[in-house]
Amino acid sequence: MSEVMSYVNILKQADIFYKLTPTQLEMISHICQERTYQTGEVIVHEGTDTDELYVIVSGEVDVLVNPALVSDHPGAEYSSVSIATLRRGQSFGEIALVDKGVRTATVQALQNKTRLLIIPRAKLMLLCDTYPQLGYRLMQNLAADLALKIRSTDLRIRAELLYGKGSK
């Protein structure tokens, strides 16, 4: 039972679970698994099919994208580019909750003993279907989280267009 309460305390810190009740957080904590990653270890690969949500318990992760996806030069070699560093209480994998599509980025551990809570989509969606109030609040938080990430990306694109390679 102490593991469940520990998970509840971690989930409370994640924006995606904002305003969920202690009972709702406890239900979610029952479906969590915990994994530990070492520096440089890849957690998810861009372009792969996975459907889990991740919440960072401790450590940091780097979110990387490969620019080759939009390259005008097929077959050219590109290095992945870091677009974000996430820390304790932050989450990733939210898009998989919405569309079950492929991963839009690679995520790797930046520190030894980076601990993550992993929440399987199917089990989380079952909780949302069974407890509509939980589902409503979670989806509202998910929409707010994704909107914030889209706005941030939009600002980065505008800055790149204004000050980046295309500027004179």
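Residue numbers start at 1 and run along the sequence shown.
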Checklist entry - Is there a donor-acceptor pair under 3.5 Å between the side chain of Thr36 and the backbone N or O of Lys113? => result no
Next on the checklist: Tell me whether Asn141 contacts the main-chain N or O of Tyr18 through its side chain, where contact means a donor paired with an acceptor under 3.5 Å.
Outcome noted: yes
Checklist outcome for this item: Residues at least two apart in sequence or cross-chain that pass side chain to side chain contact (heavy atoms under 4.5 Å, CB included) with Glu52, listed by chain then number, are Arg35, Tyr54, Arg103, Ile118
Checklist entry - Do the non-hydrogen side-chain atoms of Val8 and Pro22 ever get within less than 4.5 Å of each other? => result no
Checklist entry - Do His30 and Val4 have side chains that get closer than 4.5 Å, going by heavy atoms? => result yes
Item to check | Any residue meeting ring pair (Phe, Tyr, Trp, His ring centres under 6.0 Å) with Tyr37, in chain and number order, not counting sequence neighbours | outcome: none
Next on the checklist: Going by the rule ring pair (Phe, Tyr, Trp, His ring centres under 6.0 Å), which residues pair with Tyr7 if we only count those two or more places apart in sequence or in a different chain?
Outcome noted: none
[X]: partners by side-chain hydrogen bond (donor to acceptor under 3.5 Å, both in side chains), with sequence neighbours left out:
| X | result |
| --- | --- |
| Arg88 | Gln13 |
| Gln90 | none |
| Thr104 | none |
| Thr85 | none |

Minimal non-hydrogen separation, [X] against [Y], with atom names:
| X | Y | result |
| --- | --- | --- |
| Thr114 | Leu110 | OG1-N, 4.4 Å |
| Ala84 | Asp62 | O-OD1, 3.1 Å |
| Leu53 | Ser91 | CD1-CB, 4.2 Å |

Starting from [Y], can I reach [X] by hopping between I/L/V/M/F/W/Y residues whose side chains sit under 4.5 Å apart?
| X | Y | result |
| --- | --- | --- |
| Val57 | Phe92 | no |
| Ile31 | Met139 | yes |
| Leu64 | Ile43 | no |
| Leu117 | Phe17 | yes |
| Leu142 | Leu148 | no |

Quick check for you: to the nearest 0.5 Å, what is the distance between [X] atom [atom1] and [Y] atom [atom2]?
| X | Y | atom1 | atom2 | result |
| --- | --- | --- | --- | --- |
| Glu60 | Ile56 | CD | CD1 | 8.5 Å |
| Ile16 | Ile28 | CD1 | CD1 | 9.0 Å |
| Glu41 | Asn112 | CD | CG | 9.5 Å |
| Met5 | Ser29 | CE | OG | 7.5 Å |
| Leu146 | Thr153 | CG | OG1 | 10.5 Å |
| Ile10 | Leu25 | CD1 | CG | 11.5 Å |

Next on the checklist: Going by the rule salt bridge (Lys or Arg N to Asp or Glu O under 4.0 Å), which residues pair with Arg115 if we only count those two or more places apart in sequence or in a different chain?
Outcome noted: Glu34
Side chains of residues 125-138: which donor-acceptor partners sit under 3.5 Å, not counting sequence neighbours?
from: Thr130; atom 1: OG1; to: Leu126; atom 2: O; distance (Å): 2.7
from: Arg137; atom 1: NH1; to: Gln140; atom 2: OE1; distance (Å): 2.6

Item to check | Short side-chain donor-acceptor distance under 3.5 Å, Ser80 and Asn66 | outcome: no
Checklist entry - Run the side-chain contact (heavy atoms from CB on, under 4.5 Å) check on Leu11 and Leu20 step by step: do they pass? => result CA-CA 9 Å; Leu11 295 174; Leu20 266 64; over 6 Å; no
Next on the checklist: Strictly by salt bridge (Lys or Arg N to Asp or Glu O under 4.0 Å), give each pair with a member in residues 9-19 just once, sequence neighbours left out.
Outcome noted: none
Checklist entry - Tell me the salt bridge (Lys or Arg N to Asp or Glu O under 4.0 Å) pairs involving residues 138-158, sequence neighbours left out? => result Glu94-Lys149, Asp145-Lys149, Asp154-Arg158
Checklist entry - Using links of under 4.5 Å between side-chain heavy atoms of ILVMFWY residues, direct or through other members, which residues join Val81 in one cluster? => result none
